[in-house]
Undergrad: 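Structure incoming, see below.
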Amino acid sequence: MMTRHDQELLEKQLRRIDAAPPSGVLMLVMAIVFFAGMAAGGFLFAYTDQSPLRLAANNIPGATSSEPAAPVVR
């Protein structure tokens with residue numbers, strides 16, 4: 001059984017303990033997990049046999065028609 005003196009000492013010790021980690025540490029851990037996931041995904045899917053997706057900007061309308069495309073003047 002705890003005496004009143006023991007209870008006071010325990011309360012003093014427990015006041016110094018903060019259960020929540022500092023917010024900077026939590027943000028740093030989240031950033032590390034995010035970038036580690038991005039790197040792992042890049043390594044896992046970088047060397048597949050599938051062809052890469054084409055961007056819409058690379059789709060030239062004149063290239064699919066039977067007429068020759070107009071020359072680009074710069």
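Values below: every heavy atom of this structure, side chains too, minus hydrogens, waters and symmetry copies.
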Undergrad: So, taking the atom named CD in Gln7 and the one named CE in Met1, what distance separates them when rounded to the nearest 0.5 Å?
TA: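 Rounded to the nearest 0.5 Å, the CD-CE separation comes out at 10.5 Å.
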Undergrad: Nearest 0.5 Å please: distance from the CD1 atom of Ile32 over to the CE atom of Met27.
TA: 12.0 Å
Undergrad: Do Met2 and Leu14 land in one hydrophobic cluster if side-chain heavy atoms of ILVMFWY residues count as linked below 4.5 Å?
TA: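 In one cluster with Met2: Leu14, yes.
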Undergrad: Would you mind checking if Arg4 and Glu8 are paired as a salt bridge, meaning a charged N to carboxylate O distance below 4.0 Å?
TA: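 Salt bridge flag = yes for Arg4 with Glu8.
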Undergrad: Are the side chains of Leu28 and Val25 in contact, using a 4.5 Å heavy-atom criterion?
TA: no
